[in-house]
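In each ligand, atom 1 is the first atom listed, and ligand 1 is the first ligand listed. The basis for the numbers below is simple: all heavy atoms, side chains too, and nothing from hydrogens, waters or symmetry mates.
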Amino acid sequence: MRLSTHGDTLDLLRRWGLPVELHWRRCAGVGELLAFCQEWAERRRTLEFETDGVVIKVDRLSDRRALGATSKCPRWAVAFKFPAEQKTTLLKKIEVNVGRTGAVTPFAVLEPVTIAGSTVSMATLHNADDIARKNIREGDWVVVEKAGDVIPRVVAPVLSRRPAGAEPWQMPDVCPRCGAALHREEGEAVWRCENTSCPARLQRGLEHFASRSAMNIEGLGDSLIAQLIAQKLVTDSADLYALSADALAGLTSTSTRGDGRLIERRFGEKNAVKVVAEIERSRSNELWRLMYGLGIRHIGEHSAQVLAQAFPSVDALRDASVEQLQDTQEVGPVLAASVRSWFDEPRNLTLVERLRRAGVRMERSAEEQTALRSGGPLQGRTYVLTGTLASMSRDDATAAIERLGGKVAGSVSRKTAGVVVGAEAGSKADKARELGVPLLDEAAFRALIAELDRA
Ligand SMILES: [Zn+2]
């Protein structure tokens with residue numbers, strides 16, 4: 001069966017019983033397209049799921065092929081984003097939040113208002129400069145929008161409704177949690193609490209450590225972490241590994257119900273046993289999870305994976321120079337400097353040692369090692385060995401290539417990536433020269449392996 005349009009494809013999938021989004025329509029001409037987008041800007045509220053736009057695609061598959069793609073996206077599809085929904089409400093107060101790096105960020109406490117189907121009572125305000133530039137003050141009526149229907153933000157104040165006597169907002173001088181003076185570096189917009197034992201920073205740091213995309217410790221949520229800190233049961237992530245189910249069971253956690261009321265609840269034996277088991281399990285997590293969980297500035301989930309592919313252990317990362325870090329693909333100067341300065345901090349080295357003593361895996365797991373090998377830097381490349389290598393046996397050379405994802409073949413072809421030439425090499429070297437296949441002498445081969453092993 002040959003399908004000639006996208007619409008036919010969707011119909012067929014639906015007939016086969018596969019789940020297909022049913023609200024699509026075939027439109028002829030720009031007028032129909034615009035009408036469709038406008039119609040759904042309102043009708044989307046009636047859907048059972050959230051949506052922020054419409055995807056417009058060329059229907060005929062042959063037209064798609066003719067249009068092709070740029071390096072970034074296809075030329076036959078485009079997204080229409082619905083305009084963000086805006087509402088006006090009262091900005092009751094501006095408060096600040098302390099992040100795990102100590103960054104102090106202001107946010108707006110709003111008179112609750114319904115935007116895009118959900119109740120909004122808080123909105124981001126980015127930073128102090130932004131508040132000053134937009135001239136936002138406590139007590140103002142403000143326009144709030146949900147951009148991309150995700151995080152609400154304050155767009156602007158309604159100056160005509162500003163109450164008499166509203167004063168420009170000032171960033172507090174001290175951290176609201178620990179009272180340490182706030183600092184801001186030259187040229188930076190962000191103010192920071194630099195007290196490394198600040199309970200707010202500790203809280204956010206542990207939330208990050210336990211989060212799904214880091215160490216993935218299920219059940220270790222925000223309120224439990226707050227309890228652990230308040231009861232002085234943890235002062236850093238390594239302390240988590242010494243927690244007993246008994247200690248956890250006696251804690252009370254509070255949570256906020258939908259109507260805003262707080263409920264207090266004893267953590268309980270059953271939950272405690274579960275969380276302790278989860279913490280225990282996290283000891284043998286993949287290396288990248290730990291590298292991410294450490295909370296080094298600028299290391300995101302993806303860069304943690306990149307680093308764990310390049311450095312086989314936390315120790316290797318710790319010992320890497322800025323240059324070595326920067327030599328890693330996808331690692332830029334900011335990330336490299338951030339990693340280096342994190343490990344230069346004695347306090348952080350102590351944390352790493354404490355985690356090690358707590359039995360947390362500090363190197364790649366066997367699974368990671370295997371995955372890395374199957375997708376190694378020499379994947380898809382075939383080498384041929386000829387002659388005798390002085391410093392390694394043929395088996396060792398083969399193992400080194402295979403470890404990096406490459407293959408070793410017996411004969412040279414145009415597709416051979418390289419021929420490793422030892423002493424008294426025979427006709428294979430000649431064949432390689434004839435076909436223009438690169439030759440590697442022993443030193444070049446060893447350098448290649450060493451370099452890829454390091455990477
Ligand atoms: Zn603080």
Side-chain angles (χ1 to χ4, degrees), residues 91-109 121-132 136 138 151 154 167-211 214-215 217 220-240 243 251-256 262 292-300 334 337-352 354-355:
L91 189 163
K92 296 196 285 194
K93 249 173 105 181
I94 296 176
E95 290 186 352
V96 297
N97 191 23
V98 186
R100 78 186 142 85
T101 61
V104 178
T105 46
F107 63 94
V109 180
S121 55
M122 284 189 283
T124 65
L125 286 164
H126 302 291
N127 57 54
D129 292 349
D130 204 49
I131 293 171
I136 296 168
E138 287 179 325
I151 303 163
V154 176
E167 294 284 332
W169 183 74
Q170 296 259 301
M171 180 61 106
D173 300 325
V174 297
C175 172
R177 271 300 284 280
C178 73
L182 299 184
H183 290 276
R184 145 153 107 169
E185 270 172 50
E186 269 306 300
E188 268 206 47
V190 177
W191 291 84
R192 283 176 206 284
C193 167
E194 289 181 340
N195 171 16
T196 46
S197 343
C198 173
R201 293 183 58 174
L202 178 58
Q203 168 89 28
R204 300 279 169 258
L206 290 174
E207 285 170 15
H208 171 76
F209 186 83
S211 66
M215 295 297 270
I217 303 174
L220 186 57
D222 302 1
S223 73
L224 176 57
I225 290 172
Q227 288 294 304
L228 293 173
I229 294 172
Q231 301 300 318
K232 300 202 168 24
L233 288 170
V234 295
T235 57
D236 64 19
S237 50
D239 282 336
L240 294 172
L243 290 173
L251 295 172
T252 47
S253 65
T254 51
S255 55
T256 317
L262 285 177
Y292 180 51
L294 289 174
I296 301 171
R297 256 178 98 190
H298 302 294
I299 293 195
V334 174
S338 176
V339 170
R340 191 57 266 149
S341 74
W342 195 87
F343 281 105
D344 283 341
E345 177 70 49
R347 207 185 122 86
N348 294 333
L349 292 179
T350 307
L351 174 64
V352 168
R354 283 170 43 72
L355 284 166

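- Protein-derived N/O/S atoms nearer than 2.8 Å to the Zn ion (ligand 1) total 4, waters excluded.
- Side-chain contact of Arg177 with Asn195: a donor-acceptor pair under 3.5 Å is absent, judged by distance alone.
- Every residue was checked against the side chain to side chain donor-acceptor pair (under 3.5 Å) condition with Lys92, not counting sequence neighbours, and none meets it.
- Partners of Thr350 by side chain to side chain contact (heavy atoms under 4.5 Å, CB included), not counting sequence neighbours, listed by chain and number: Arg354.
- When side chains are defined from C-beta on, Leu240 counts as touching Leu206, because their heavy atoms get closer than 4.5 Å.
- Judged as a side chain to side chain donor-acceptor pair (under 3.5 Å), and not counting sequence neighbours, the contacts of Asp129 are Arg184.
- The residues Glu95 and Lys93 are annotated as salt-bridged, a charged nitrogen and a carboxylate oxygen being separated by less than 4.0 angstrom.
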